[in-house]
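As a basis for the values below, the full set of heavy atoms in this structure was taken, side chains included, without hydrogen atoms, waters or symmetry mates.
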Amino acid sequence: LGTTSISTSDKAQSAGAIGGGLLAILVNLIVTALCGALLAGVVTSVVSKAILGQRPEGSEILAAVRKRWLGLLVVSVLAELLPFSPGLLIVAAILLGQISTGLGVAVGVVGGAAALVLGPLLWGRLALAVPIFVLERKGPFAAIARSWRLVRGAFWRVWGLRALVSLIVGAAA
């Protein structure tokens with residue numbers, strides 16, 4: 001039996017393919033966050049006006065969202081991407097695995113545990129950040145902090161509702 005060795009060029013090609021795939025995932029997440037920010041801002045504004053018995057004009061809603069677009073974008077991207085941030089350790093593990101298998105496995109185990117615990121926690125706790133930003137006119141970081149406090153007593157209910165809505169939207173898409 002012959003021995004199989006992986007050349008440096010094969011490792012570089014493999015790392016390039018992994019990096020390209022991860023970049024595509026990151027771009028997809030950012031585009032989704034951008035569209036989600038616009039949609040969340042518009043829907044939150046329309047619903048809040050409807051609850052107060054007002055009939056909002058489309059131009060009025062778009063003007064309100066346009067004025068705070070940058071902050072809405074920041075809070076939306078943070079609320080959507082922070083729950084996935086522990087997964088960066090898994091990405092690091094994959095890349096480190098190209099250099100040292102043991103180091104890659106160690107970082108992967110830590111990253112996997114962090115992603116399983118912190119990912120869902122952040123996803124649930126940040127669920128209300130965008131609506132708070134729009135309705136209460138708070139800054140992005142103040143909206144995230146308020147969302148964290150508001151969800152504290154109802155974490156599983158909020159998480160479950162968000163998961164159900166995500167499943168419905170995913171099935172419809």
Side-chain angles (χ1 to χ4, degrees), residues 19-94 110-173:
L22 294 174
L23 180 63
I25 290 170
L26 181 63
V27 168
N28 183 23
L29 283 172
I30 290 171
V31 169
T32 300
L34 292 173
C35 294
L38 178 60
L39 183 62
V42 169
V43 168
T44 302
S45 295
V46 169
V47 169
S48 69
K49 297 273 186 189
I51 287 173
L52 296 173
Q54 301 171 352
R55 292 187 56 95
E57 296 290 325
S59 60
E60 174 189 355
I61 296 298
L62 289 177
V65 170
R66 190 175 342 119
K67 288 178 189 173
R68 302 196 69 213
W69 172 248
L70 184 60
L72 180 61
L73 180 63
V74 168
V75 75
S76 181
V77 167
L78 286 174
E80 290 296 321
L81 294 183
L82 280 177
F84 295 102
S85 61
L88 292 176
L89 287 174
I90 296 171
V91 172
I94 292 170
V110 170
L116 285 173
V117 173
L118 291 177
L121 174 70
L122 290 170
W123 193 67
R125 286 291 186 111
L126 301 178
L128 302 177
V130 172
I132 288 169
F133 177 83
V134 172
L135 293 175
E136 297 183 6
R137 300 222 174 269
K138 294 193 178 283
F141 298 104
I144 287 172
R146 178 128 166 88
S147 176
W148 190 272
R149 287 189 308 270
L150 283 176
V151 173
R152 185 180 346 207
F155 174 78
W156 288 111
R157 185 174 16 161
V158 170
W159 194 93
L161 286 170
R162 190 170 189 195
L164 180 61
V165 168
S166 294
L167 285 173
I168 291 169
V169 168

Would you compute the distance between atom [atom1] of [X] and atom [atom2] of [Y] and round it to the nearest 0.5 angstrom?
X: Thr44; Y: Phe133; atom1: OG1; atom2: CZ; answer: 11.0 Å
X: Ser76; Y: Trp69; atom1: OG; atom2: CH2; answer: 7.5 Å
X: Leu121; Y: Leu116; atom1: CG; atom2: CG; answer: 12.5 Å
X: Leu118; Y: Phe84; atom1: CG; atom2: CZ; answer: 13.5 Å
X: Lys49; Y: Ile51; atom1: NZ; atom2: CD1; answer: 12.5 Å
X: Leu128; Y: Ile144; atom1: CG; atom2: CD1; answer: 12.0 Å

task: Please say whether more than 12 non-hydrogen atoms of neighbouring residues, nucleotides or ligands are located less than 6.0 Å from CZ in Phe155.
output: yes
message: Going by side chain to side chain contact (heavy atoms under 4.5 Å, CB included), Leu22 matches just one of Val27, Val91, Leu88, Ile94. Which one?
response: Val91
Nearest atoms (heavy-atom pairs only) where [X] meets [Y]:
X: Pro120; Y: Ala115; value: CD-O, 3.3 Å
X: Val75; Y: Ala143; value: CG2-CB, 4.2 Å
X: Pro83; Y: Leu126; value: CD-CD1, 4.3 Å
X: Pro86; Y: Gly119; value: CG-N, 4.1 Å
X: Gly139; Y: Arg68; value: N-NH2, 4.4 Å
X: Val158; Y: Ala127; value: CG1-CB, 3.7 Å

field: With sequence neighbours excluded, residues passing side-chain hydrogen bond (donor to acceptor under 3.5 Å, both in side chains) with Arg146
entry: Glu136
- line: By side-chain hydrogen bond (donor to acceptor under 3.5 Å, both in side chains), Arg162 pairs with (sequence neighbours left out) Glu80
message: Using modelled atom types and a 3.5 Å cut-off, is there a donor and acceptor pairing between side-chain atoms of Ser48 and backbone atoms of Ser45?
response: yes
- prompt: Just wondering, do Trp148 and Leu122 contact through their side chains at under 4.5 Å, heavy atoms?
  reply: yes
field: Contacts of Val42 that satisfy side chain to side chain contact (heavy atoms under 4.5 Å, CB included) - sequence neighbours left out
entry: Leu38, Val46, Ile61, Leu62, Val65
